[in-house]
Asker: 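One structure is given below, represented as structure tokens, and several questions about it will come after.
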Amino acid sequence: MKTRVRFAPSPTGHLHVGGARTALFNYLFAKKTGGTFVLRIEDTDELRSTDESTKSIFQSMKWLDLKWDEGAMPDLSEKGDFGPYIQSKRESDGIYKKYAEQLLEEKKAYYCYCSSEELDEMRKKALSEKRDPKYDGRCRHLSAEEIEEFKKQGRKPVIRFRMPDDGQTVFEDLVHKHLKFENKLLYDFIMIKASGYPTYNFACVIDDHLMEMTHIIRGDDHISNTPLQLNVYKAFGWEPPQHAHLSMILGQDGTRLSKRHGATSITEYEKQGFLPETMKNYLALLGWGTTDSQDIFKKGELEEKFDLKGCQKSAAAFDPVKLEWMNGEYIRQLSKDELFDAAQPYLKDFGLNLDKANPLHFNVVALEQEKYKLLSDVGGMVYFFFQDVKYDEAAIDKILKAPDIETILNGIKKTYSEISEFNDIVLESKTREFAKSNGFKNGQVFHPVRVSVSGSTKGPTLFKMIEYLGKEEVIKRIDKTLSLIEI
RNA sequence: GGCCCCAUCGUCUAGCGGCCUAGGACGCCGCCCUCUCAAGGCGGAGAUCACGGGUUCGAAUCCCGUUGGGGCCGCCA
């Protein structure tokens with residue numbers, strides 16, 4: 001049978017790294033098994049769902065190149081035979097109501113007239129008395145008179161699922177293996193809210209069944225929802241899909257990932273200058289691994305090697321340091337051409353408008369390729385080719401206050417001004433010659449020249465840098481440095 | 001409070017009863033390369049496999065308990 005999986009985000013914010021990981025695993029599973037990857041929007045939270053969030057999620061999915069075969073599309077169209085794929089649309093089509101009514105008729109569900117305030121109070125009281133705060137099922141057996149009375153009060157009921165009082169709900173989770181729950185510990189959850197909207201636990205089951213999902217791959221914070229949902233499948237006499245619960249992603253300190261750990265949304269990582277390939281690779285490795293602990297995957301390799309068997313049961317801490325290392329690896333793998341294109345938007349943000357067709361621009365960006373960890377690093381490392389040098393204080397103290405500095409810089413200035421073929425080969429031999437014939441060590445000469453033209457002790461290979469800068473500019477910068485020293 | 005899940009270097013992980021005096025990767029340290037910084041190469045430190053009991057000739061691997069961490073118990077998903 002062809003596999004069908006889905007990613008079903010709630011549009012209540014940007015795509016989170018946890019959500020992205022869930023989306024990725026579903027995507028990889030579909031690719032690996034030759035199945036269908038569906039995107040469904042779970043916007044049944046009328047208060048928190050926004051169109052901006054939906055757009056942002058689509059945008060992040062696109063950035064990560066997680067293409068879905070079926071579902072809600074960015075242009076708001078629907079693709080596939082199991083639509084609508086947006087739950088609010090499904091609600092207005094009356095889908096959930098229809099199934100709720102079926103359970104009502106079969107006495108597998110009932111109306112509950114408790115107000116949210118009453119429910120809140122019951123919960124608080126139970127918690128303060130250290131009792132189970134779950135709903136006690138008091139509306140299960142309302143008399144006709146009681147119902148009349150509630151109606152007279154104008155109360156809007158919710159529909160609750162009648163959970164079995166005994167027995168067990170067991171299932172074989174694809175990552176956690178055998179999971180077992182006592183039905184008497186489950187509770188009569190709300191299927192339909194007073195607003196008429198379905199709740200997650202109900203809508204999810206109806207849609208997963210109607211959309212013919214074969215596997216549910218989601219975070220393990222849903223483990224305790226699973227027995228609830230499984231009982232709904234049972235009440236309808238439906239065959240449930242297989243479940244695979246993925247471990248959670250934690251912050252560096254091992255606590256739940258949150259804003260105080262830094263960036264949590266995919267858009268933020270994009271802004272910071274990570275490549276989408278890096279994010280996919282890194283996220284794949286959080287909670288999953290191959291038997292040979294492979295860490296860098298070529299294009300298409302994850303799709304080929306992914307297997308739920310490699311999923312970790314325990315939670316994984318998100319390590320931004322390793323993420324940066326990995327991004328450096330991916331940046332180094334880029335062709336000069338790809339690097340320029342990838343860096344371009346970040347250069348613009350830096351105030352550098354570089355032209356790929358200009359050989360100088362093109363070469364300068366590639367010059368320090370092996371050093372970039374983030375695409376946003378590029379600007380700060382190449383700006384001095386195009387803008388005024390910002391002298392690093394420490395570099396001035398360390399290098400430009402050395403003895404004989406003026407002799408060296410004046411000598412180099414003279415040497416360079418006499419070079420007609422201003423390229424790195426000639427520059428290097430002339431510079432070395434100057435040092436040797438004047439009794440200076442190479443470093444004594446190289447370092448001040450470097451600081452003079454770039455303002456920093458760190459930078460690209462010296463003579464290429466000088467070549468790219470050009471004779472006129474280099475001499476100008478040496479002059480400027482000399483004037484700084486005199487002061 | 002109840003139920004559930006989890007537990008190998010700081011971190012991500014390999015391991016699925018003997019190949020483990022526990023392997024790889026990030027990070028860290030040192031050396032090499034070298035015009036700096038990186039990258040790269042080589043080497044090193046770093047895990048009594050949370051703890052305590054079993055089972056077994058033999059356990060990181062199986063079982064039980066303890067501890068610790070996490071999740072859920074919402075008209076959120």
Side-chain angles (χ1 to χ4, degrees), chain A residues 8-10 12 42-49 112 114-116 119-120 123 126-135 156-160 173 176 179-182 185-187 189-201 203-204 218-228 245 247-248 250 252 254-256 282 285-296 310 312-326 328-329 332 368-373 381 395 399 428 431-432 435 442-443 445-447 449-451 454 456-463 465:
Chain A
S10 295
T12 54
E42 306 215 326
D43 60 344
T44 55
D45 185 336
E46 315 96 297
L47 296 173
R48 281 182 281 188
S49 298
C112 166
C114 299
S115 69
S116 7
L119 259 13
D120 257 3
R123 251 192 306 275
L127 241 17
S128 72
E129 291 168 9
K130 301 198 186 265
R131 287 189 352 256
D132 191 350
K134 74 173 191 181
Y135 178 67
K156 292 259 280 177
V158 298
I159 303 174
R160 285 187 186 269
D173 188 275
H176 291 269
L179 261 22
K180 188 172 87 181
F181 298 83
E182 292 295 331
L185 297 168
L186 272 22
Y187 69 105
F189 71 89
I190 293 174
M191 293 160 40
I192 305 286
K193 311 176 200 178
S195 64
Y197 264 67
T199 59
Y200 164 74
N201 278 124
C204 176
R218 68 208 334 183
D220 68 14
D221 47 341
H222 285 299
I223 285 183
S224 34
N225 281 324
T226 309
L228 264 34
H245 286 99
S247 59
M248 299 274 85
L250 274 20
Q252 308 95 282
T255 64
R256 203 186 172 123
Y282 183 73
L285 257 22
L286 277 185
W288 177 78
T290 57
T291 44
D292 60 351
S293 294
Q294 182 175 350
D295 41 35
I296 301 287
Q312 201 77 14
K313 289 196 259 188
S314 51
F318 189 94
D319 180 3
V321 177
K322 187 163 184 174
L323 213 214
E324 285 204 10
W325 160 78
M326 194 177 278
E329 288 288 311
R332 267 168 247 128
E368 299 194 75
Q369 178 163 11
E370 68 279 1
K371 289 178 209 170
Y372 306 137
K373 277 193 152 58
M381 289 166 78
I399 308 294
E428 179 159 5
T431 308
R432 285 180 188 277
N442 285 337
V445 178
F446 292 176
H447 297 316
V449 175
R450 169 180 298 288
V451 174
S454 73
S456 169
T457 54
K458 302 174 188 173
T461 175
L462 184 60
F463 303 104
M465 173 163 75

Asker: Please give the distance between the C1' atoms of B:G46 and B:C5 as a whole number of Å.
Answerer: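 Between the two C1' atoms, the distance is 30 Å.
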Asker: Of all the choices, B:C35, B:G40, B:C5, which nucleotide is nearest to the side chain of A:H447 once you look at every atom?
Answerer: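 Output: B:C35.
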Asker: Rounded to whole Å, please give me the gap between CE in A:M191 and P in B:C76.
Answerer: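 Atom-to-atom, A:M191 to B:C76, this comes out as 15 Å.
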Asker: Roughly how many Å apart are B:G69 and B:U8, using the C1' atom of each and rounding to a whole number?
Answerer: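 The answer is 16 Å between these two C1' atoms.
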Asker: Taking A:Y197's backbone N and O only, do any of them form a donor-acceptor pair with A:S195's side chain (distance below 3.5 Å, no angle check)?
Answerer: yes
Asker: If only side-chain N and O atoms of A:K193 are considered, is one of them under 4.0 Å from the OP1 or OP2 phosphate oxygen of B:C76?
Answerer: yes
Asker: With the side chain of A:Y187 defined as its heavy atoms from C-beta on, choose the nearest nucleotide among B:G74, B:C35, B:C5.
Answerer: B:G74
Asker: Is there a Watson-Crick or G-U wobble partner for B:U34 with both distances under 3.5 Å, and if so, which one is it?
Answerer: none
Asker: Using the rule given for side chain to side chain contact (heavy atoms under 4.5 Å, CB included), can you reason through A:N225 versus A:Y200, listing the C-alpha separation, both sets of side-chain angles and the distance that settles it, and then say yes or no?
Answerer: CA-CA 10 Å; A:N225 281 324; A:Y200 164 74; 3.8 Å; yes
Asker: Report which part of the nucleic acid A:V158 touches: base, sugar-phosphate, or nothing (heavy-atom distance under 4.0 Å, all strands).
Answerer: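 Base contact.
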Asker: Could you measure between the two C1' atoms, the one in B:C16 and the one in B:A60, and give it in whole Å?
Answerer: 10 Å
Asker: How do A:H176 and A:R131 order along RNA chain B: which one's closest nucleotide is nearer the 5' end?
Answerer: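 Comparing both residues, the 5'-ward one is A:R131.
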Asker: Do A:Q369 side-chain atoms and A:K371 backbone N/O form a donor-acceptor pair below 3.5 Å?
Answerer: no
Asker: Could you tell me which nucleotide pairs with B:U61 by Watson-Crick or G-U wobble geometry, both distances under 3.5 Å, or answer none if nothing does?
Answerer: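 Paired with no nucleotide.
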Asker: In whole angstrom, give the distance that lies between atom CH2 of A:W325 and atom C1' of B:A38.
Answerer: 16 Å
Asker: Report yes if the side chains of A:V451 and A:T457 come closer than 4.5 Å at any heavy-atom pair, otherwise no.
Answerer: yes
Asker: Side chain of A:K322 only, heavy atoms from C-beta on: which candidate in B:A38, B:A25, B:C37 is closest?
Answerer: B:A25
Asker: When the distance from CD of A:E182 to P of B:C5 is rounded to whole Å, what number comes out?
Answerer: 12 Å
Asker: For the residue pair A:H245 and A:H176, categorise the inter-ring angle as parallel (less than 30°), tilted (30 to 60°) or perpendicular (more than 60°).
Answerer: tilted
Asker: At under 4.0 Å between heavy atoms, what does A:S10 touch on the DNA or RNA strands: base, sugar-phosphate, or nothing?
Answerer: sugar-phosphate
Asker: Remember a base hit wins even if backbone is also touched, and classify A:N442 as base, sugar-phosphate or nothing at under 4.0 Å, heavy atoms.
Answerer: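 No contact at all - A:N442 keeps every heavy atom at 4.0 Å or more from the nucleic acid.
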Asker: With both distances under 3.5 angstrom, what nucleotide forms a Watson-Crick or G-U wobble pair with B:G1?
Answerer: B:C73
Asker: Name the residue closer to the 5' end of RNA chain B, choosing between A:L323 and A:A194 according to the nucleotide with the nearest heavy atom.
Answerer: A:L323
Asker: Which nucleotide wins on minimum distance to the side chain of A:R160, given the candidates B:C75, B:U36, B:C72?
Answerer: B:C75
Asker: Hey, does A:S314 reach any base, or is it just sugar-phosphate, or nothing, if we go heavy atoms under 4.0 Å?
Answerer: sugar-phosphate
Asker: Classify A:G459 by what it touches in the nucleic acid, base, sugar-phosphate, or nothing, heavy-atom distance under 4.0 Å.
Answerer: base
Asker: Could you tell me whether A:H222 contacts a base, only the sugar-phosphate backbone, or nothing, with contacts defined as non-hydrogen atoms closer than 4.0 Å?
Answerer: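 Contact class for A:H222: base.
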Asker: Among B:C12, B:U36, B:G1, which nucleotide has an atom closest to any side-chain atom of A:A317?
Answerer: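 Of B:C12, B:U36, B:G1, B:C12 is nearest to the side chain of A:A317.
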Asker: Where the side chain of A:I223 is defined as all heavy atoms beyond and including C-beta, which of B:C5, B:C12, B:C76 is the nearest nucleotide?
Answerer: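 Of all the options, the side chain of A:I223 is nearest to B:C5.
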Asker: List the steps, then state whether side chain to side chain contact (heavy atoms under 4.5 Å, CB included) holds for A:W325 with A:D319.
Answerer: CA-CA 10 Å; A:W325 160 78; A:D319 180 3; over 6 Å; no
Asker: Quote, to the nearest angstrom, the P distance that separates B:C63 from B:G70.
Answerer: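 Rounded to whole Å, the distance is 25 Å.
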Asker: With a 3.5 angstrom cut-off on both distances, give the Watson-Crick or G-U wobble partner of B:C20, or none if there isn't one.
Answerer: none
Asker: When the distance from CG of A:L250 to P of B:C12 is rounded to whole Å, what number comes out?
Answerer: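 One finds 8 Å between P of B:C12 and CG of A:L250, rounded.
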Asker: Looking at B:U11, B:G1, B:U36, which one has an atom nearest to any side-chain atom of A:D319?
Answerer: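 Selected nucleotide (nearest to the side chain): B:U11.
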Asker: Please state the C1' separation for the pair B:G27 and B:U56 - nearest whole angstrom.
Answerer: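 Roughly 40 Å separates the two C1' atoms.
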Asker: Expressed in whole Å, how much space separates the C1' atoms belonging to B:A47 and B:A25?
Answerer: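 My reading of the C1' atoms in B:A47 and B:A25 gives 15 Å.
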Asker: Atom CH2 of A:W288 to atom P of B:A25: distance rounded to whole Å?
Answerer: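 From A:W288 CH2 to B:A25 P: 17 Å.
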Asker: For A:L285, answer base if it contacts any base atom (sugar-phosphate contacts may also be present), sugar-phosphate if it contacts only those atoms, and nothing otherwise; contact means non-hydrogen atoms under 4.0 Å.
Answerer: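 Sugar-phosphate contact only - A:L285 comes under 4.0 Å of backbone atoms but never of a base.
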Asker: Could you check which of B:A77, B:G1, B:C35 has an atom nearest any side-chain atom of A:T199?
Answerer: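 Closest nucleotide among those given: B:A77.
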Asker: Between B:A77 atom C1' and A:Y200 atom OH, what is the distance in whole Å?
Answerer: 7 Å
Asker: Can you find an N or O donor on one side and an acceptor on the other, under 3.5 Å apart, linking the side chain of A:N225 with the base of B:A77?
Answerer: yes
Asker: Grab the OH-P distance between A:Y282 and B:A25 for me, whole Å please.
Answerer: 16 Å
Asker: Is there a donor and acceptor pair, one atom on the side chain of A:S224 and one on the base of B:C3, closer than 3.5 Å?
Answerer: no
Asker: Any base atoms under 4.0 Å from A:F181, or only sugar-phosphate, or nothing? Heavy atoms, all strands.
Answerer: sugar-phosphate
Asker: Out of B:C75, B:C73, B:A77, which has the shortest distance to the side chain of A:N201?
Answerer: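 Output: B:A77.
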Asker: Can you say whether a donor on the side chain of A:K313 sits under 3.5 Å from an acceptor on the base of B:C6, or the other way round?
Answerer: no
Asker: Which is true for A:Q312 with a 4.0 Å heavy-atom rule: it touches a base, it touches only sugar-phosphate, or it touches nothing?
Answerer: sugar-phosphate
Asker: Reckon A:G219 touches a base, only the sugar-phosphate, or nothing at all at heavy-atom distances under 4.0 Å?
Answerer: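 No contact.
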Asker: Between the side chain of A:Y282 and the main-chain N/O of A:F318, is any donor-acceptor distance below 3.5 Å?
Answerer: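 No: the side chain of A:Y282 does not pair with the backbone of A:F318.
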Asker: Examine B:G71: is either OP1 or OP2 under 4.0 Å from a nitrogen or oxygen in the side chain of A:R256? Give yes or no.
Answerer: yes
Asker: Name the nucleic acid region contacted by A:S115, choosing base, sugar-phosphate or nothing; use a 4.0 angstrom heavy-atom cut-off, strictly under.
Answerer: base
Asker: Taking atom C1' in both B:G2 and B:A45, what distance in whole Å separates the two?
Answerer: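 Nearest-Å result for B:G2 against B:A45 at atom C1': 46 Å.
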Asker: Looking across every strand, which nucleic acid part, if any, lies under 4.0 Å from A:T255 by heavy atom: base, sugar-phosphate, or nothing?
Answerer: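 Counting heavy atoms under 4.0 Å across all strands, no contact is made by A:T255.
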Asker: Can you find a donor-acceptor pair, distance only, under 3.5 Å between A:T291 side chain and B:G15 base?
Answerer: no
Asker: Roughly how many Å is it from CZ in A:R123 to P in B:G74, rounded to a whole number?
Answerer: 5 Å
Asker: Could you go step by step and tell me if A:H222 and A:C204 meet the side chain to side chain contact (heavy atoms under 4.5 Å, CB included) rule?
Answerer: CA-CA 12 Å; A:H222 285 299; A:C204 176; over 6 Å; no
Asker: Looking only at atom types and distance, does a side-chain atom of A:R450 sit under 3.5 Å from a main-chain N or O of A:P460, one as donor and one as acceptor?
Answerer: yes
Asker: Any base atoms under 4.0 Å from A:P9, or only sugar-phosphate, or nothing? Heavy atoms, all strands.
Answerer: nothing
Asker: Using atom types as modelled and distance alone, determine if a side-chain donor or acceptor of A:K193 lies under 3.5 Å from a backbone N or O of A:T44.
Answerer: yes
Asker: Which one is paired to B:A50, where only Watson-Crick or G-U wobble pairs with both distances under 3.5 angstrom count?
Answerer: B:U66
Asker: Using the P atom on both, measure B:G43 against B:U48 and round to a whole Å.
Answerer: 25 Å
